[in-house]
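All heavy atoms count here, side chains included; hydrogens, waters and symmetry mates do not. To find a chain, count down the sequence lines: A is the first, B the second, and so on, and within it residues start at 1.
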2 protein chains.
Amino acid sequence: MERIPILRMGRCLLVTIQVDLQDRTAIALQDDLAAKIEATGAKGVLIDISALEIVDSFIGRMLATISGIARVLDAVTVVVGMQPAVAITLVELGLSLEGVRTALDVERGMRLLQASGVLDEAPEPEADHVDSDRN
Amino acid sequence: MERIPILRMGRCLLVTIQVDLQDRTAIALQDDLAAKIEATGAKGVLIDISALEIVDSFIGRMLATISGIARVLDAVTVVVGMQPAVAITLVELGLSLEGVRTALDVERGMRLLQASGVLDEAPEPEADHVDSDRN
């Protein structure tokens, strides 16, 4: 099974989605991302979907779910790189990605996170910002 | 055909390789990367291969070729995230990735580029650092 790598860049995590996601890959990504947010104390998550030419309701829901998971782990998610055709299709499908922030590319997404101030808070010790009793 | 996205981050380009590369995908990546280096004036290229569990001689040569292309376009390539087992296999295969710089992860790769000073030079106007007659 393919796993999608999660790259750490400072206080952000970057995920590039390149392949059509299957159920298991998507669930593995959610698990990995939640674990990585906890382990690194990341405050921002950038999900690049510039390689996707089709975003169906499954991926739309997954993006919303990841954003929700990140939120309760105190991180902000920005979906970046959406192709114009994908945006049109999503809205036509009635999926408006409520609650998911978007930016045109990784750089703008990073600036959005910086401007929102979530990266400014004092760094915390690793794995210290969520309840560590769970492990 | 899948294309591998190339993300711009400041004066660096980031490529995450997640899928087994076919010949055409690899050649498309070389073309795209060369075009992107020219268009952005990027000085560093980070290639993340943390998702690859197998790196055969084809991928090994591709990494060396990309590194060579970037070099003549005045950019430094760092291959990051290689799994220990991959490193062992590469050396056993006699592929030591001569001339390719490596780092353990994207953050360390970025620091390597910063420490080497290639990112410090004054920014140039876009698409101005290589001979633009070619287009």
Side-chain angles (χ1 to χ4, degrees), chain A residues 1-22 24-26 28-29 32-33 35-36 39-42 44-55 78-83 85-86 103-114 119 123 126, chain B residues 1-22 24-26 28-29 32-33 35-36 39-42 44-55 78-83 85-86 103-114 119 123 126:
Chain A
M1 189 183 74
E2 282 169 350
R3 289 187 101 87
I4 296 176
I6 300 168
L7 308 180
R8 182 180 183 177
M9 298 189 310
R11 308 205 68 198
C12 288
L13 300 177
L14 174 65
V15 180
T16 315
I17 296 176
Q18 298 176 13
V19 291
D20 289 334
L21 289 174
Q22 308 300 316
R24 287 192 309 169
T25 318
L29 176 60
D32 291 351
L33 198 57
K36 195 104 173 184
T40 62
V45 177
L46 294 163
I47 302 179
D48 177 80
I49 59 168
S50 59
L52 298 185
E53 290 177 358
I54 297 167
V55 172
V78 183
V79 172
V80 302
M82 187 184 294
Q83 294 184 18
V86 167
L104 281 181
D105 55 35
V106 171
E107 282 206 301
R108 289 185 173 89
M110 192 77 87
R111 280 206 294 270
L112 178 64
L113 287 173
Q114 280 162 351
L119 308 182
E126 296 214 337
Chain B
M1 191 182 72
E2 283 169 350
R3 291 187 101 85
I4 295 175
I6 301 167
L7 308 180
R8 181 180 183 179
M9 298 190 310
R11 308 203 70 198
C12 289
L13 300 177
L14 173 65
V15 181
T16 315
I17 297 177
Q18 299 176 13
V19 290
D20 289 334
L21 289 172
Q22 308 300 315
R24 287 192 310 168
T25 317
L29 176 61
D32 291 350
L33 197 57
K36 196 103 173 183
T40 61
V45 177
L46 293 163
I47 303 179
D48 176 80
I49 59 168
S50 58
L52 297 185
E53 291 176 0
I54 298 167
V55 172
V78 183
V79 173
V80 303
M82 187 184 294
Q83 295 185 15
V86 167
L104 282 181
D105 54 36
V106 171
E107 282 205 303
R108 290 183 172 90
M110 192 76 86
R111 282 206 293 270
L112 177 64
L113 287 173
Q114 280 161 350
L119 307 183
E126 295 215 337

Inset, instruction - Report yes or no: does B/Q18 contribute a side-chain atom to a donor-acceptor pair with the main-chain N or O of A/T16 at less than 3.5 Å? - result: yes

Legend entry - Heavy-atom pair count under 4.5 Å with chain A, highest-scoring of B/V19, B/V106, B/V80: B/V106

Legend entry - Euclidean distance, A/I6 CD1 relative to B/S50 OG, rounded to 0.5 Å: 9.5 Å

Legend entry - A/E107 versus B/M9, closest heavy-atom pair with distance: OE2-C, 3.8 Å

Inset, instruction - Could you tell me which portion of A/D105 (side chain, backbone, both or neither) has an atom closer than 4.5 angstrom to a non-hydrogen atom of chain B? - result: neither

Legend entry - Considering all heavy atoms, the nearest A/A51-B/R3 contact: CB-O, 4.1 Å

